[in-house]
Number of protein chains: 2
Amino acid sequence: MGLMQIPRRVDYGLRAVIYLSVQDPERCCSITEIATQQGVPKKFLEKIIQDLIRGGLIKSKRGACGGYTLARSPEEISFYEVIEALEGPIAVNVCMDQHMSCEQLPRCSMVNVWSEVQRKVTEVFTNTTIADLKRKPCRDLIGGSASLSSAA
Amino acid sequence: MGLMQIPRRVDYGLRAVIYLSVQDPERCCSITEIATQQGVPKKFLEKIIQDLIRGGLIKSKRGACGGYTLARSPEEISFYEVIEALEGPIAVNVCMDQHMSCEQLPRCSMVNVWSEVQRKVTEVFTNTTIADLKRKPCRDLIGGSASLSSAA
DNA sequence: TTAATTCAGACCATTTCGGTAGGATAAGAT
DNA sequence: ATCTTATCCTACCGAAATGGTCTGAATTAA
């Protein structure tokens, strides 16, 4: 159940980034600290953070007193970047293995729907920054007024 | 790769529904016909169509000269209904296993983003009917003008 | 009765998901 | 130097989902 469910990796990764965003930007947070504070499996989070480092969102310092900090300010990190660093580019589509004739198959007309969905999803994620999340109060969870994006 | 990829089941199911929508509404189409015409694995499609029957979108007639027809007119079948019949309700969210304090965790602020995405996705799928697809020409596939939904 | 068809269920191979384990490497503290 | 604290890297692992297949029963037209 759940067609477009968000994987744990993304949830955990976002939590780590958000946690770092409310800390002193200079202070290195260890994986142990982040994991216990956020209630996330430590070794799993370690791998996830590695992906965020490769994505240029987190900086690390090795050795004793090492740890992680955000690579940029929270205003400059979008939801989309975190997701992309962890899962690759968002691609709402069917696996296009074999190209078939456009006439006899409904495939191409469906693609228009997929790409419209993809466009809207991408829009929300790119317009939402980590800094936006920090100051959001906890209002009703479903059917919210959705004032997050700039809503074209 | 592909965060919100559409599963084969949905692709195949939609193709079957669209195929039926362009046939004579009285004529029963066998599973063999639909599968070969659409280039879909026959036995797999058979199971998928069973779900569409349970969802009230397709009618079946058993025995020789049996087959499938649409249960309603294409104008009254939305993309969303097909998807829901095959995958259950769309739920863009993280598995909410354990409820944690709203204060110390960024979870609740993320939920606002998930629900906004879900709302927009659902909107596109509910506003697109099978009849809409039939007359759509095959224009450019990516970054299309997206004139499908009523675009609030 | 027989042929054509849907219907129901078990089965199955591969991939993905979520997570663990162990060690190599780096750097600060003593 | 070497010890401790930490990141980094790679392999591994169980369970679930994905994408199918196979077999056989039930139904119906000819």
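Atom set for the values below is all heavy atoms of this structure, side chains included, hydrogens, waters and symmetry mates excluded. Below, read A as the first sequence line, B as the second, and so on, with proteins coming before strands; counting in each chain starts at 1.
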- Base dG19(D) paired with Lys43(B) side chain (donor-acceptor, <3.5 Å): no

_Is a donor from one side chain sitting under 3.5 angstrom from an acceptor on the other, for Tyr12(A) and Gln38(A)?_
no

Among the nucleotides dT6(C), dG19(C), dA8(C), whichever has the atom closest to the side chain of Lys47(A) is dG19(C)

- May I ask you to say whether Lys43(B) pairs ionically with Glu46(B), meaning some side-chain N is under 4.0 Å from a carboxylate O? yes

Under-3.5 Å donor-acceptor pair between Lys42(A) side chain and dT20(C) base:
no

Donor/acceptor link under 3.5 angstrom from Arg62(B) side chain onto base of dA26(D) = yes

Atom CG of Leu86(A) and atom P of dT16(C) are separated, to the nearest Å, by 17 Å

On DNA chain C, more 5' by nearest nucleotide between Lys61(A) and Phe44(A) is Phe44(A)

#### Entry: Tyr68(A) side-chain N/O to dA6(D) phosphate OP1/OP2 under 4.0 Å
no

Distance criterion of 3.5 Å, no angle test: do you see the side chain of Glu46(A) paired donor-to-acceptor with the base of dC8(D)? yes

- Message: So that I can tick it off, tell me whether Asp51(B) and Lys47(B) are bridged by a salt bridge, with the cut-off set at under 4.0 angstrom between side-chain N and carboxylate O.
- Response: no

Between CG of Leu45(A) and P of dC8(D) the distance, given in whole Å, is 12 Å

Requested in this report: Give me the ring orientation class for Phe79(A) and Phe125(A): parallel if the planes are under 30° apart, tilted from 30 to 60°, perpendicular past 60°.
Outcome: parallel

Taken to the nearest whole Å, NZ/Lys59(A) to P/dT7(D) is 16 Å

